[in-house]
Amino acid sequence: MRRHFVAAALAVGVALGTGLAAQPAAAQQHLRIALREDPDILDPTLARTYVGRIVFASLCDKLFDINEQLEVVPQLATGYRWENPTTLIITLRDGVRFHDGERMDAEAVVYSLNRHANFQGSFRRSELAGMEKAEAVDPLTVRITLRAPSAAFLSVLTDRSGMILSPRAAEAAGRDFGLRPVCAGPFRFVERVAQSRIVVERFADYWNPSVIHLDRITYLPIPDNNARIANVQSGAVEFAERMEPDHVEMVARNNRLRVVQVPELGYQGITYNLNNGARAQTPFGQNPRVREAFELAIDRAAINQVVYSGAYTPTAQAVPPANPFHIRDFQPEARNVARARQLLREAGVQTPVRVELTVPNNPDLRQVGEVIQAMVREAGFELRINAMEFASSLQAATRGEFETYLLGWSGRVDPDGNIYTFVHSRGPANDGKYSNPEADRLLDAARVELDADRRRQLYAQLNQVALRQDRARMYLWHRKNIFIHSTRLQGYVPVPDGMIRVQGLRLN
């Protein structure tokens with residue numbers, strides 16, 4: 001277990017840096033949330049960070065949401081029905097207003113879906129690739145026509161692809177929409193200071209005001225785990241997201257704090273650059289035997305034990321064990337340094353094989369990188385760690401400025417949301433540019449297969465092609481979402497997607 005050095009001075013220092021520590025207790029309901037990273041752009045069409053989704057939970061309502069049982073429930077929609085296997089009818093709430101006062105109606109929904117699907121650089125494009133067209137039937141009814149039946153499409157509308165934007169604001173702002181997003185959520189955007197804070201305040205004309213009790217929320221990016229825990233212990237913030245397993249024991253005897261643990265829907269893994277620019281032109285990027293040797297040099301369970309006290313679940317796939325599409329017999333291979341060395345000899349590469357691992361700059365992931373560095377050295381790799389600010393690392397990965405990238409994914413209810421966008425050759429988050437027509441065929445077939453058993457078989461075949469044959473990427477473990485919040489905060493409902501839904505929250 002790692003040693004933590006939490007000091008009150010650290011907590012005060014971080015809070016003073018935000019200008020919040022000196023504030024007296026006020027009648028206003030002001031919730032302060034410590035984020036693990038600074039979000040990327042606050043445009044649902046262009047965004048891709050987990051922490052961005054947490055902020056969007058207050059700003060941008062969706063057509064549908066998921067509840068704690070992972071059921072799809074209406075939000076801006078009132079319901080849906082399948083007219084036939086490729087035609088989805090969605091009915092909308094009446095009286096919903098955007099933050100700029102414009103009415104949310106079927107035309108706004110059609111505009112938003114088309115923007116998500118077609119806007120240059122959209123990370124929603126692959127999620128909505130099966131949509132042939134969206135039409136306004138009347139002011140409160142939308143008809144969506146799919147190119148083929150889809151087992152995943154409705155779940156797509158429970159996340160950013162289902163967030164509805166003000167057409168007037170989006171048209172006026174263009175690519176700058178994320179600087180001042182205008183949606184139909186319970187809070188409206190006030191300000192953002194990069195690496196410091198994002199502030200939102202209650203929207204007076206929200207369609208469901210009875211469930212909103214907070215007046216203001218400030219999101220504070222605090223990447224250092226020790227600083228985050230110190231801030232919640234000192235009362236400088238009321239909520240700290242994605243803490244570490246050894247923090248649970250640390251706060252267990254503090255009756256002013258509450259710990260919430262929920263298995264997440266996603267994974268932690270390593271993305272490989274196979275064909276994204278010059279950084280892919282290495283023995284590692286071009287030879288699957290070298291990548292196989294790298295994976296065989298790594299002991300997932302040992303890393304989990306050293307860094308996370310054994311709290312997580314080692315894995316070799318994108319889908320966690322609780323998901324019905326988890327492939328039970330596809331398990332991590334045991335560490336085999338001798339076989340790894342043999343593979344490097346068979347590949348004809350000169351050792352040590354030099355590889356760079358990009359790591360988001362927070363303490364636990366840096367330690368993960370250091371443990372991997374020591375492990376693969378024994379097999380003949382020289383691993384250099386490149387620690388970067390998280391949003392910057394995402395941008396670098398998109399540009400191909402990486403060789404390997406230690407990256408987590410928060411996960412989606414449907415397995416397509418964990419796999420397609422990262423593995424399909426046209427996936428917008430396929431940063432390594434992996435491409436295999438057989439993998440594409442299997443992913444496309446799984447998207448439209450409605451029989452669960454046949455769909456599971458397609459994902460099993462995909463694992464063999466993409467992960468065992470091609471060694472396209474490496475999955476490490478499924479995490480737990482560990483949240484720590486003040487007992488002053490009431491009404492928090494944990495959901496496995498890890499989002500902090502603001503409905504029902506209040507401070508006592």
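Small disclaimer: the values here were computed from a predicted structure and weren't measured.
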Participant: So, using side chain to side chain donor-acceptor pair (under 3.5 Å) as the criterion, who are the partners of His116 when residues are at least two apart?
Facilitator: Thr45
Participant: May I ask you to establish whether Arg468 and Phe330 are in a cation-pi arrangement, using a distance under 6.0 Å from NZ or CZ to the six-membered ring centre and at most 45° from the ring axis?
Facilitator: yes
Participant: Is it true that Glu191 and Arg197 make a salt bridge, defined as a side-chain N closer than 4.0 Å to a carboxylate O?
Facilitator: yes
Participant: What residues, two or more places apart in sequence or in another chain, satisfy salt bridge (charged side-chain N to carboxylate O under 4.0 Å, His left out) together with Asp414?
Facilitator: Arg455
Participant: May I ask you to test the Phe187-Leu214 pair for a side-chain heavy-atom distance under 4.5 Å?
Facilitator: yes
Participant: Sequence neighbours left out, what passes salt bridge (charged side-chain N to carboxylate O under 4.0 Å, His left out) with Arg339? Give chain and number order.
Facilitator: Glu346
Participant: Kindly state whether the ring of His485 and the ring of Tyr492 have centres lying under 6.0 angstrom apart.
Facilitator: yes
Participant: Who are the salt bridge (charged side-chain N to carboxylate O under 4.0 Å, His left out) partners of Arg345, not counting sequence neighbours?
Facilitator: none
Participant: Is there any salt bridge (Lys or Arg N to Asp or Glu O under 4.0 Å) pair reaching into residues 417-435, and which pairs are they, with sequence neighbours excluded?
Facilitator: Arg48-Asp431
Participant: If a pair satisfies ring-ring contact (aromatic ring centres under 6.0 Å, His included) and one of its residues is in residues 270-295, list it, with sequence neighbours excluded.
Facilitator: Tyr272-Phe284, Phe284-Phe294, Phe294-Phe381
Participant: Heavy atoms only: give me the nearest Asn418-Ala318 pair and the separation to one decimal.
Facilitator: ND2-O, 3.0 Å
Participant: State plainly whether the residues Lys62 and Asp65 are in salt-bridge range, i.e. N to O under 4.0 Å.
Facilitator: yes
Participant: Can a donor-acceptor pair be found, under 3.5 Å and without considering hydrogens, that links the side chain of Arg289 to the backbone of Gly348?
Facilitator: no
Participant: Looking at Phe119, I'd like to know if the NZ or CZ of Arg115 sits under 6.0 Å from its six-membered ring centre while staying within 45 degrees of the ring's axis.
Facilitator: yes
Participant: Quick one: does Asn386's side chain get under 4.5 Å of Leu357's, heavy atoms only?
Facilitator: no
